[in-house]
Trainee: 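Please see the structure below; I have some questions.
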Amino acid sequence: MRRRSLGSLGAALGASLLPEVSRSHTPSASRSDGERVLRIVSPFEFAGPDPARSGSVFSRMGIGEMLLGADPEGRPVPMLAAHWSVSPDGLLWRFEIRSGVHFHDDSPVTPEAAASSLRHARAAASPLSRVPIMSIDAEGEEVLVRLSRPFAPLPAFLANYASMILAPSAYGADGRVRAVIGTGPYRVDRFAPPLQLDVARFEGWWGPRPAVGRASYLVVGQGEARASMAESGRADLTMALQPVTVARLRRSPRVELRMVPVPRTRLLKLNAASPLFSDLRVRKALSLAVDREGIAAALLRNPAVAADQLFPPTMPEWHDETAAAGRDLARARELLAEAGWRPGHDGILINGKGLRFRTTCVTFITWPELLPIATALQAQFREIGVEMTVSIGNSSDIPLGHRDGTLEMALLARNYVLVPDPFGTLVQDFGPEGGDWGAMGWSSPDLDGLLRRLAEGPPHDEQRDLRQRSARILREELPVIPIAWSELGIAIGRDLANVTVDPFETSFRLHEITWAG
Amino acid sequence: MDTLAISGLRIEASGMPLVRGVDAVAGPGRPLTLLGETGSGKSLVLGAATGTLPPRLRVTGRVLLDGTDILAAPPRARRGLWGRRLAMLPQEPWLSLDPTMRALGQVAEVYRLIRGLPATKSEEEARGRLAELGLEGAAGLYPFQMSGGMAQRLALAILRASEAPVLFADEPTKGLDADRRDEAGARLRLEADRGRTVVCVTHDVAIARALRGTVAVMLDGEVVEQGPAEAVLDYPAHEYTRRLLDAEPERWPSLPGRAAPRGEVVVSGDGLHRAFGGRPVLRGVDLSVRRGEVVAITGPSGCGKTTLGDLLLGLLAPDAGTVRRLPGVESWRFGKLYQDPPSAFVPHQTMRQALEDLSKRHGVAWNVVAPLLQRLRLSTTLLDRVPAALSGGELQRFALVRVLMLDPVFLLADEPTSRLDPLTQQEVLLLLSELAGERGMGVLIVTHDLELASKLADRTIHLEAGRFASSDVSVSRGRHPTLAEPFGTLTRGQ
Amino acid sequence: MDRHNWRSLLRPILVRLLQALLVALIVGALGFALMAALPGDQAFRLAAARYGPDMGDATAAALVREELGLDRPRAVQFLDWIGQLLRLDLGHSLVTGEPVLEELRGQLGHTLSLAAVALPLSAILGLPLGILSGLHPSGLADRVTLGLSVLLRAVPAYALGLLLVAVFSIRLGWLPPAGFEGWREFILPGLTLALGLAALSARVTRDSVAAVSTAPYMAFARWKGLPERAAVLRHGLRNAAIPVVALLGFQLIGLIEGLIIVESLFSWPGIGHALVHAIFARDVPVVQGAALLMGLLFVLVNALVDLACATIDPRRARAGA
Amino acid sequence: MSGSTLSPGKRTGLVLLAALLGFAVLGPWVVDADPARQVLAHSLAAPGAEYLLGTDHLGRSMLARMAHATRLSLLLAAVTVLSAAVPGTLLGVMAAWRGGWAESGLVLLADAVLALPSLLLVLLLVAFAPGDFLPLYLGLALVGWVEYFRVSRALTRGILAKPHVEAARLLGFGRGYVLRRLILPELLPALSTLATFGLGGAVLAISTLSFVGLGIRPPVAELGSMTTELLPHAYEAPLTVLMPAALVLMAVLGCHLLVGRGAR
């Protein structure tokens, strides 16, 4: 063993001195087998083969599939499970596995294999681990999921990428995932984390044969470089275009641009337990002080993404139609005065106890727009006498600060459809104890009641009403202050046809795409 | 017929004449020596003759090589003569040899590239040349592995390979130990005897003597005296030539009878041993120096003379044996003079700063300094110069001033004049000897030059391989020449 | 004599070995400092790096903490690492779970292949210009080269890279601005690295050539009667090469520094890119492994440069004796 | 060397640096505008009557920001250079003087620091307090001292081997005198060359760090962070990126020209 590791260091050094001449394909050319490669460029890196970590990429590239999918409204649709049912008490779910489905290693998809994958997912840091599951078993042609209490949104959690079903051979003896052996229309051809992934059509897929035979996923971090890849025709599908590059790409004859609203909301997380933010009037004042239109127009290049509430109009069930109040500094100052905050000699607010309104806002650079937004907020809050320092950190500083109570304010972007039903995120973020990425020091028994009822799986009309009422509570109580919604900017090469965009970002839908002409 | 004839040579730099009306000739077996001190213009004449002067200098007159005026020739044509008609033995040959090429290759390439011989033949010839000069064992050595004398012989071997009839030599003794100087002169003479036309530029009378042929003595850009070596060197007509010749140690008049040294012993060493890196340098040496006594140590390079001096000063610790110094005397009253005067001074410090710092450090009043400067004939205007703006002689005298300020009891002079022109050397050494008597300090002078040692010292100690070889007592007699003569005017800043 | 020769050969090797050991120790200590002193919680950082911001919450952090045993005393973790290192095992990446050695192997290959493009490119760009300016100091070529190299050294590497992308990918559309598969992809990152290095090597070459061409041994070579060409080829080049080769060792520092920036800029999956990510993620084994490998690589190349210098310059070879 | 003997290159360098220094010292006072004031509606305005040099993406006056940024960048660079040069030089002199184990140890340490990517060291230090000045220049100093150490050690060794040092000791001067009058003055030219290069290098290094995402926290204006902050807008408003980049270039170019003949 020891000798082996010694040798392997030598081998590693030796091998790397002679850089591997890989089975490389030049980006514009087709491969030796004549099959044209569809080139996808995206900013999102991926790590190892574990779906809990990198599953989003495997799912988007059509490598792995889950038991269920979601329709554009977020409702569950069959995928590897052809049918499903739930017992009247809501505690036992049965998923019937589609017959005749094979993994990429040609082994059949059995209920036991699916159950095993789900058990792995449950043990990992995945949305499924937050579901009150007692056991996952295989029985006949079905996977049985037993819950400790009713949990109606379970199908949405099973549609999350971390709940991907992989072949038994994908797992090593230690339970780690060794390879991505899924069931999707494409299988892994070349796995080169963190930046490149090539896939080839899986001829044994259960659906109709896809038109595109090969595709590659290339990570390009720089927004400008991504845009120029699209513009110069070096990418067929370019994801997550930055707002500043969109205008330029619109003029390009090579690509068609699509802006798809996605339920990722940039928001300010506040510590409502701190003496600064415990007063609702203060939170309202801060919200009134934000120039959302200005930020949306200047930094995000679309005034329509100014967010007066958490969910955009594209999610009508969660969107509150009542008109929003715009920026109103006078009203904000009034509210602050009512809450006991008066400007001091330097313009910074002071309250009766001599406390100055100084706070620190934590943000991070994973999303490039957050820092300019924070800088804009800093200046806007300064106008009502709030001094805010911007601290640029790592995204993990936010959950950490939440847990140890040191966090005062954070600017972040939250994806509300990590599982296709926003309920899954809301219940994590705005529960009685708050949530790492949601409320802090704030809870609402009313909202708790609404969410509990939603978990029980009420009839649809009631569901809609519960959702509306939840949205209204969040809008009025402002445990977090929404700033702007998001759009997914995609550049599509003109020689692609039948490209559709999944607002939940679970799939690029490669299997539907055809070459034009 | 003369191979090389210089006539009416004049060199100007922006209207200022540097060399005026030089005429000289040389031919096979009739070498020409241009003898002069630093700044006399002798090197400029050499530059003109070889066509290597910088273009900003204006050259007029004629330099005929085999009847052709090479001053008038275009640079390309002049360059074509190199290695074919003209050869140059450079100053300090160890700097002029390719440091990255073995000796044999440097000789062989002349045969191979200039004379077009095949490779094996070239090597064979090259080995022959090396053997002629006693370098048969050095074919595989790199220049940095050779001594100065070997390097010079290698350079000569290369020049012999080219067989150019005219050989120039620029200060062939510069940087060589004294015991190698005579060898250098003899070798040049040998070249002349082999039928070459040798032109040598030097300040060393001994070379001129060894080379014979014609000697032209230069002073301030002019030839003040010219003629056959025997005539000029034995019956000098010009005052300057005489002084130059008198400055040779063997021609020095004996020193004034100093009172026999009766003072106490200021420093002594008993059974001194010292090794460097496992190699013993001193192996049991005893020595003592009394007040007012001048002791000389001589011996070949590497015999341990310098090490002995450093041991006595406490700059090194002996491996065995003891050094005793006069008790109750502060360490700084044991002084040292260095071989290379500029390096013994802080480069960016003026003399005034250096002396002021010293007077402050030891509380020596400045009015002690002024008479010292006068005694050593140093003008106060020199005080505001940095070392680079002073001549070697001036610096060595300043070095004496700063030692004397501290009322020394002992002075170690480590080859104090080997880098000085002859007249300056004489001046400095005579001063040193006088001061030893006046001040009652013991002087230990380290030198290569036996003649100099016997003239200057009360006692001379010969070291050989770290041991005493012999010791003799000089008999002082006669009168010391008066030093009222303004020698200082003959040395100039460089 | 023989004994001395052995010593002179052994000494530089020993010094380099000692240096390598020290590098390893410092890397270890840095990794330890990273674990012990940096603000933030390693488990949270790792969770964020593994699962992304959306899933990287306290629950995930707790899982990570349990899985990796981050609760153990730091001294124990440090000693563990040293122990592993002694067995030449660099451990597993805390983010991907893959063996660090496996990960670095691929990355090092990418880095070295980029370096293999950049170094010759910088030589092609820098050396002729340097030689040309050195042969005619203060001439037109010298002044233009000086201006260019000062300008290039005044531009940060990332700005240079972006400028190249702007011109060659976006304006002209000739070269891809990202990717790492075909030969075209090598050009821009390679050029970005090479230009910075060439600016330096052109100056060093120039100074060296200028110094050598006025050296007494060049004058003597001409005096021997060697034609200028032969003098330069036989005596000039080798001597002028000595400082240039010695510089190569130092260039490597620049190369490695530049690699980190260039790899980040061009999304090049090399070791510099991995290092930056690992630092942000607090992936200590990868930071330690990458830094160790880069450090050892540096020591190795320096040793090779020493060897090359000794081959060219006999004085260096015998200096130890 | 008196001013009149400066070469044209050095003179240009001096003029560039003087202009930059003037802008840094007087600029913020003359411009008298708040570099943090935003008018989002005027985002990326072109240069004109209202904003002499236009605005950045948040509608802040470029002129005011550049004036403040120049001041901060030069100050930071100077502090960085000083905190690298002083310990580096002292250690170098000490190593050369003491010799033995102290010297070998320091040399090994310096070599090891050289062998590590300096960005790694800086990144680590900066990670302690992102956005603060202190770790930024401490980190750069931690890397930078090696250069001063190596140069001053090599030069000091040379100086100490010279007879004039021995002469001074024999004349009864102490270590303090030797250090003050013999060593430091001779190190000065080389050190000032290094420091001038270092000044340019520090400006570059700080701007590189902002590129990697470890700049200075908003709304502080610093030349490097301004460049990287505005980089995404290079196509819409190239001037906004080019202007601060040109100031960085001026600083580095000025230093290099002042020092003279390029590389060493």
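All values reported here derive from a predicted model rather than from experimental measurement. Chain letters run A, B, ... following the sequence lines, proteins first and then strands; every chain starts at 1.
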Trainee: Given heavy-atom pairs under 4.5 angstrom as the criterion, report whether the side chain, backbone, both or neither of A/S126 touches chain C.
Mentor: backbone

Trainee: Shortest non-hydrogen contact from A/P399 to C/G56?
Mentor: CG-O, 3.4 Å

Trainee: Between C/L46 and chain A, which part of the residue has a heavy atom less than 4.5 Å away: side chain, backbone, both or neither?
Mentor: neither

Trainee: Let me confirm one number: the CZ-CZ distance from A/R234 to C/R184, rounded to the nearest 0.5 Å.
Mentor: 7.0 Å

Trainee: Using non-hydrogen atoms only, which part of A/R414 is less than 4.5 Å away from chain C: side chain, backbone, both, or neither?
Mentor: both

Trainee: Under 4.5 Å between any side-chain heavy atoms of A/R264 and C/D54, yes or no?
Mentor: yes

Trainee: What are the two closest heavy atoms between A/Y161 and C/M55, and how far apart are they?
Mentor: OH-CG, 4.2 Å

Trainee: Given a strict heavy-atom distance threshold of 4.5 Å, which part of C/A58 is in contact with chain A: side chain, backbone, both, or neither?
Mentor: both

Trainee: Side chain, backbone, both or neither: which part of A/A413 has an atom under 4.5 Å from a heavy atom of chain C?
Mentor: backbone

Trainee: Shorter than 4.5 Å, heavy atoms on both sides: which option in A/P127, A/S232, A/S56, A/P194 has the most such pairs with chain C?
Mentor: A/P127

Trainee: Can you say whether C/L175 sits under 4.5 Å from chain A via the side chain, the backbone, both, or neither, judging by heavy atoms?
Mentor: backbone

Trainee: Find the one option among A/Q428, A/Q222, A/R226 whose heavy-atom pairs under 4.5 Å with chain C are most numerous.
Mentor: A/Q222

Trainee: Where is the tightest heavy-atom contact between A/A47 and C/V95, given as atom of each residue plus distance?
Mentor: CB-CG1, 4.5 Å

Trainee: Measuring heavy-atom distances to chain A, does C/E67 have an atom under 4.5 Å in its side chain, in its backbone, in both, or in neither?
Mentor: side chain

Trainee: Under 4.5 Å heavy-atom distance to chain C, tell me which part of A/A123 shows up: side chain, backbone, both or neither.
Mentor: backbone

Trainee: Is A/A235 close to chain C through its backbone or its side chain, or both, or neither, when contacts mean heavy atoms under 4.5 Å?
Mentor: neither

Trainee: Measure the CG-CD distance between A/D50 and C/E98 for me, rounded to the nearest 0.5 Å.
Mentor: 10.0 Å

Trainee: Counting C-beta onward and ignoring hydrogens, is there a side-chain heavy-atom pair between A/R130 and C/D57 closer than 4.5 Å?
Mentor: yes

Trainee: Give me the atom names and distance for the closest heavy-atom approach of C/P53 to A/W367.
Mentor: CG-NE1, 4.4 Å

Trainee: Could you measure the distance from the CZ atom of C/R50 to the OG atom of A/S396? Nearest 0.5 Å is fine.
Mentor: 13.5 Å

Trainee: If you look at every heavy atom in A/R403 and C/F44, which pair is closest and at what distance?
Mentor: CG-CZ, 3.9 Å

Trainee: Among A/V220, A/N394, A/L218, which residue has the highest count of heavy-atom pairs closer than 4.5 Å to chain C?
Mentor: A/N394

Trainee: Checking heavy atoms, do the side chain of A/R178, its backbone, both or neither come under 4.5 Å from chain C?
Mentor: neither

